[in-house]
**Q** 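Before we start, here is the structure in question, set down as structure tokens.
The first residue in the sequence is number 1, and the count goes up from there. Keep in mind that what you see is a predicted model, and the values were worked out from it rather than measured.
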Amino acid sequence: MSPHGGRAGLDGAGQVDEAVRALGLLRERGETLAIAESLTGGLVAAGVTAVAGASRAFRGSVTAYATELKRDVLGVDGTLLAERGAVDPEVARQMARGVRRVLGADWGIATTGVAGPEPQDGQPVGTVYVAVAGPDGSVAAARLPLEVDPEGNPDRVRARIRTESVRGVLELLCKLLIENAGDRVGNRPGGMDVCSPE
């Protein structure tokens, strides 16, 4: 465990390791990746493009920080956003599905959540959902098991949540690539709380 209550290794090196692994798996398959980000604000795409040769698998990304961009650019259902807010597993699924479609990729991944310092849409700081949409139409979403110290420095808490979110979504992608997604998206990868499709 880290001194902040999270799992060890959730740092910049861990992000790079997961990005290298994901890109390697994608290149082996001859498949491509698109990324939709909200709370991570482009950090997932930055981590992926930091890897040499990323262009052989990475198509591009959409940073849909504003709620209306999730609807207008990624095609997230407006009623869903109005009723549940942007921090929701189904929103994450639709973001992943939407960016895969919009950018013409085989795989789409997405992050949405609350990095702080204040709650959002009725959700506490540290609530994060990630999702992966595969080429067979399957979509898996997971709530990351983040622990937040309410007395911690807000800037450090925010940075850690965003860092762990990057690693978490890439870890989920790697696991689903290895498991061939599709038939096994109901498994529980890496201790994450994988959300059942609705």
Side-chain angles (χ1 to χ4, degrees), residues 4-6 10 34-47 61-103 107-134 137-173 176 185-186 188-198:
H4 302 289
L10 296 178
I35 300 169
E37 302 189 58
S38 184
L39 86 155
T40 46
L43 291 177
V44 182
S61 65
V62 173
T63 300
Y65 212 65
T67 298
E68 62 268 25
L69 293 181
K70 295 176 178 67
R71 179 194 65 213
D72 298 342
V73 177
L74 297 175
V76 177
D77 181 72
T79 301
L80 172 68
L81 290 167
E83 292 179 350
R84 301 191 199 173
V87 185
D88 181 85
E90 181 58 26
V91 171
R93 289 188 193 95
Q94 292 191 19
M95 288 174 65
R97 192 182 294 123
V99 79
R100 177 179 173 270
R101 181 188 68 252
V102 169
L103 298 186
W107 293 82
I109 64 176
T111 63
T112 186
V114 187
E118 300 296 329
Q120 178 184 338
D121 297 330
Q123 300 288 349
V125 174
T127 304
V128 176
Y129 294 99
V130 298
V132 176
S138 63
V139 187
R143 178 171 178 164
L144 299 184
L146 305 183
E147 298 176 15
V148 176
D149 179 2
E151 303 301 321
N153 178 284
D155 291 335
R156 290 182 181 178
V157 169
R158 180 177 175 84
R160 185 176 67 84
I161 290 169
R162 283 156 47 91
T163 297
E164 294 191 13
S165 299
V166 173
R167 187 179 186 278
V169 73
L170 292 173
E171 182 182 63
L172 181 60
L173 172 63
L176 295 181
V185 295
R188 295 179 175 271
M192 298 177 188
D193 180 11
V194 177
C195 307
S196 300
E198 297 182 355

**Q** So which atom in A86 and which in K70 form the shortest heavy-atom distance, rounded to 0.1 Å?
**A** CB-CE, 3.9 Å
**Q** Supply the atom-to-atom distance T112 OG1 to E37 CD, rounded to the nearest 0.5 angstrom.
**A** 11.0 Å
**Q** With side-chain contact (heavy atoms from CB on, under 4.5 Å) as the criterion, how do R84 and D121 come out once you've worked through the C-alpha distance, each side chain's angles and the decisive distance to 0.1 Å?
**A** CA-CA 7 Å; R84 301 191 199 173; D121 297 330; over 6 Å; no
**Q** Which is it for L170 and V44 under the side-chain contact (heavy atoms from CB on, under 4.5 Å) test, yes or no, and what are the steps along the way?
**A** CA-CA 8 Å; L170 292 173; V44 182; 4.2 Å; yes
**Q** Hey, what do you get for OG1 (T63) to CG (L69), rounding to the nearest 0.5 Å?
**A**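 Answer for the OG1-CG pair, T63 versus L69, is 10.0 Å.
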**Q** For L39, does its backbone N or O pair with a side-chain atom of R162 as donor and acceptor, under 3.5 Å?
**A**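 Such a contact is found between R162 side chain and L39 backbone.
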**Q** Using a strict 4.0 Å threshold on nitrogen-to-oxygen distance, state whether R93 and E90 make a salt bridge.
**A** yes
**Q** Could you report the tightest heavy-atom contact between A141 and P89, atom names first, then the distance?
**A** CB-O, 3.8 Å
**Q** Only one of T163, V169, I161 clears side-chain contact (heavy atoms from CB on, under 4.5 Å) with S165; which?
**A** I161
**Q** What's the spacing between Q120 CD and T67 OG1 if we round to 0.5 Å?
**A**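 Q120 atom CD to T67 atom OG1 measures 6.5 Å (nearest 0.5 Å).
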**Q** Looking only at heavy atoms, which two atoms of Q94 and V76 are closest? And how far apart?
**A** OE1-CA, 3.3 Å
**Q** Looking at W107 and L176, what are the two nearest heavy atoms and their distance?
**A**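 Reported closest heavy-atom pair: CH2-O, 4.2 Å.
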**Q** Cut-off 3.5 Å, side chains only: do T40 and T111 have a donor facing an acceptor?
**A** yes
**Q** Just list the side-chain donor-acceptor pairs under 3.5 Å for residues 95-103, sequence neighbours left out, or say none.
**A**
unit_1 : atom_1 : unit_2 : atom_2 : d
R100   : NE     : D106   : O      : 2.7
R100   : NE     : G134   : O      : 3.4
R100   : NH2    : P135   : O      : 3.3
R101   : NH2    : L74    : O      : 3.4

